[in-house]
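Every heavy atom of this structure was used, including side-chain atoms; hydrogens, water molecules and symmetry mates were not.
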Amino acid sequence: MSRSLLFYLALLLSLSIQAQPGPPRRTYCNPLNLDYGYTPIPNFSEAGRHRATADPVITLFKGNYYLFSTNQWGYWWSKDLYDWKFVSRSFLKPQHKVYDDLCAPAVWVQGDTLLVFGSTHEKNFPIWMSTNPQANEWKEAVEPFQIGAWDPAFFLDDDGKLYLYWGSSNEFPLYGQQINRKTFQPIGQPKVMFGLNDKQFGWQRFGEYLDNTFLNPFMEGAWMTKHNGKYYLQYGAPGTEFSGYADGVQVSDHPLGPFTPQPHNPFAYKPGGFARGAGHGNTFQDVWGNWWHLSTMVVSVKNNFERRLGLWPAGFDKDGVLYANTTFGDYPHYLPTGTEDHLKSRFTGWMLLNYQRPVQVSSTLGGYLPNYAVDENIKTYWSASSANKGEFLQTDLGSVCTVRAIQLNYADQDAEFLGKQQGTYHQYRLWHSENGKKWKLLVDKSRNKTDVPHDYIELPEAVKTRFIKLENVHMPTGKFAISGLRVFGLGSGAAPAAVKGLVVLRTETDKRSAWLKWMPSTDAYAYNIYTGIAPDKLYSCIMVHGQNEYYFKGMDKDRPYYFSIEAINENGVSTRTPVMESK
């Protein structure tokens, strides 16, 4: 065989290999679709029984991910951050006369062992340990642990020293202390790490409108991450029930300080969009070394502590600045299949197609009106008058669009459960139509046997359609109620034009706050406001719907801030405006 022929065959083989498709990139959408338990606390459910969890931790252990969060009577594990399996277990013992079962748990790895400790003010709770948590095999590492710590977090340094951080208060700071890694006995005395300073940092003010109404701000949810020799001590503030619930960070050269606030704060922030809040969580790496931040998201309708979980890509920039990317944070994002450039967005580009579009329903319960299912607000919801098979919600996209994914967010109306339930499930069918008359089955989950309160369905192939109908088959409890039937893909028109006339009015008397205004766009349903501490560090994003102004009250009074804005519709996103400075 001639050399030229060999070269030709090798070239064909090389091109064939290059042309092979890579592994499929799966997508996910916040809030995470977990089988959340219901609050186990009776006086927390007087306004209606409801699902609730918060204060999450994901830890990579022996190649799998383990997720613990408040009062779930167990934990989840996953191979891929997508499919989660629940392991039922109570970590309380007969002498623990409390409702809280692993409230705001601490989770960490030592060698071949996973360890867990729940919040307590007493010296009466064990540290649990397992080398095989998938099989639910646990024993006490020490009982009782000799520090009463609420919102605890353990950190094992690379020199083998173990530290504990804790605190949850609107009066006291965070504390830290070294712990003997073998005996788990405290070494020395607790040391003050730092507290809040809402007179300087606007985002730390208490209340939905950051005005310190009736209470001082809360500081909680410590978490430590070490990166390039620096210690990043993270914390949640100012209150878990508010849209502005966020995670801040201070940095030190030593695990017990002294600490200095990172200029970019809060580093995890999501005060806008469908589901808001990105506070009290943890920062971790996946199997490829990609950074993530897991957070608490806010519902707070039936109780202040009605919450969900959200997962954000995160990272450290070239200057060591920790940030979490919450831009389009409750829209579909790609999960990584290897090492990713964390500065590049994983947003799919699939836009919301049915914001405030016309809906039709089978029935309506009281004031739980149909359009609440498409108003991009997790706090509001439509409820049918029953949970009967055949109750439906239909949404009109306005024109034929390319549909790629659908998220169903169920609400709790007349639920009957307290605590974590086993064996419950949702069943439904999704139909689609181009004309509202002839319907085709899109998704059939009429035989589903899993609990999917925030079910997210990425379609195997895109579908051209105009109408989507959700038909109930079975509810686990309560009425058929939906806080968001969210349809994602691309419309058939043009993306919006660039926003005009952005003005940032920052007063001389209070530099923590600014009033942003811009000319309304006739071709946009929402806007993304980008802000940060430098023109190339616009790491915070605020999604605003249906208005052309926003009161931004989250700034450090001593720093200039930079802003840009883009318009959003069902066809895409406009170009961003030039970055402007506000001193």
Side-chain angles (χ1 to χ4, degrees), residues 54-56 70 103-104 119 121 149-153 165-176 192-224 232-251 257 259-272 276-282 293 295-300 303-307 310 322 324 326 379 506-507 509-514 531 533 540 542 550-559 561:
D55 322 318
T70 289
C103 181
S119 295
H121 290 299
W150 206 267
D151 285 11
Y165 306 90
W166 73 94
S168 178
S169 173
N170 66 343
E171 180 180 359
F172 301 108
L174 294 185
Y175 296 92
V192 171
M193 298 293 94
F194 50 82
L196 296 179
N197 182 5
D198 58 298
K199 289 182 171 54
Q200 176 161 350
F201 304 112
W203 71 274
Q204 295 180 359
R205 288 175 284 186
F206 190 78
E208 181 66 20
Y209 303 105
L210 300 179
D211 51 13
N212 279 343
T213 301
F214 78 86
L215 279 179
N216 292 325
F218 283 79
M219 184 183 204
E220 55 197 355
W223 182 263
M224 176 63 85
Y232 294 75
L233 184 52
Q234 301 144 58
Y235 61 95
T240 191
E241 59 268 61
F242 304 125
S243 298
Y245 194 42
D247 275 342
V249 61
Q250 295 203 19
V251 186
F259 286 89
T260 301
Q262 178 179 268
H264 168 58
N265 257 311
F267 77 91
Y269 191 47
K270 191 183 181 302
R276 302 178 179 185
H280 193 153
N282 86 302
H293 191 70
S295 299
T296 302
M297 304 188 80
V298 178
V299 180
S300 296
N303 185 269
N304 285 355
F305 303 106
E306 182 182 7
R307 297 163 291 178
L322 171 62
T326 64
K379 291 176 177 287
R506 194 174 180 187
T507 71
T509 56
D510 188 354
K511 294 285 188 179
R512 299 171 298 176
S513 303
T531 184
I533 58 170
S540 294
I542 306 163
Y550 185 77
Y551 291 91
F552 178 50
K553 302 172 71 176
M555 290 181 285
D556 177 344
K557 70 180 182 66
D558 294 334
R559 289 189 175 277
Y561 277 75

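Annotation: side chain of Ser540 is in contact with side chain of Tyr269 (closest heavy-atom distance under 4.5 Å). Two residues are said to be in side-chain contact when any heavy atoms from C-beta on lie closer than 4.5 Å; Arg276 and Pro271 fail this criterion. Annotation: side chain of Ile542 is in contact with side chain of Phe552 (closest heavy-atom distance under 4.5 Å). For the pair Asn216/Glu171, no side-chain contact is recorded, criterion being any heavy-atom separation below 4.5 Å from C-beta on.
Listed here is the closest heavy atom pair of Gln204 and Tyr235: NE2-OH, 3.2 Å. Closest non-hydrogen pair, Asn212 versus Pro217, comes out as OD1-CD, 3.7 Å. Across every non-hydrogen atom of Ala104 and Pro152, the tightest pair is O-CD, 3.3 Å. Residues Leu196 and Ala237 come closest through the heavy atom pair CD2-CB, 4.0 Å.
For the residue pair Asp556/Gln200, the side-chain donor-acceptor check at 3.5 Å is satisfied. For the residue pair His293 and Asp247, a side-chain donor N or O sits within less than 3.5 Å of a side-chain acceptor on the partner. At a cut-off of 3.5 Å, with distance as the only test, a side-chain donor of Ser243 or Glu208 sits close to an acceptor on the other residue.
The backbone N or O of Cys103 sits less than 3.5 Å from a side-chain atom of Ser119, completing a donor-acceptor pair. Checked by atom type and distance alone, the side chain of Lys553 never pairs as donor or acceptor with a backbone atom of Trp203 at under 3.5 Å. Looking at Thr296, its side chain does come within 3.5 Å of a backbone N or O of Gly279 through a donor-acceptor pair. The backbone N or O of Asp198 sits less than 3.5 Å from a side-chain atom of Arg512, completing a donor-acceptor pair. A donor-acceptor pair is defined here as one N or O able to donate and one able to accept, closer than 3.5 Å; such a pair exists between the side chain of Lys379 and the backbone of Val299.
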Please report the C-alpha distance between Ser513 and Arg205 in whole Å, then the side-chain angles of each, then the deciding distance to 0.1 Å, and finally whether the side-chain hydrogen bond (donor to acceptor under 3.5 Å, both in side chains) criterion is met. CA-CA 11 Å; Ser513 303; Arg205 288 175 284 186; 3.0 Å; yes
Decide yes or no on ring pair (Phe, Tyr, Trp, His ring centres under 6.0 Å) for Tyr232 and Phe267, but give the supporting numbers first. CA-CA 11 Å; Tyr232 294 75; Phe267 77 91; 8.8 Å; no
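Taking the six-membered ring for Trp, Phe206 and Phe214 have ring centres closer than 6.0 Å.
Once rounded to the nearest 0.5 Å, the distance linking CD of Glu306 with CD of Glu241 reads 12.5 Å. Summarising the geometry, atom CG belonging to Leu233 is positioned 4.5 Å from atom CZ belonging to Phe259; distances are rounded to the nearest 0.5 Å. Here the straight-line distance linking atom CD of Gln234 with atom CG of Asn265 works out to 10.0 Å at 0.5 Å rounding. Note that CG of Asp151 and CZ of Phe218 are 11.5 Å apart. Values are rounded to the nearest 0.5 Å.
Residues meeting the side chain to side chain contact (heavy atoms under 4.5 Å, CB included) test with Thr507, sequence neighbours left out: Thr509, Asp510. Applying the salt bridge (charged side-chain N to carboxylate O under 4.0 Å, His left out) test to Lys511 and every residue at least two apart in sequence or in another chain returns Glu508.
Of the residues listed (His280, Met297, Glu220), the one engaging Thr240 in a side chain to side chain contact (heavy atoms under 4.5 Å, CB included) is Glu220, and it is the only one.
Aromatic ring orientation, His121 versus Trp150: parallel (interplanar angle below 30°, classes split at 30° and 60°).
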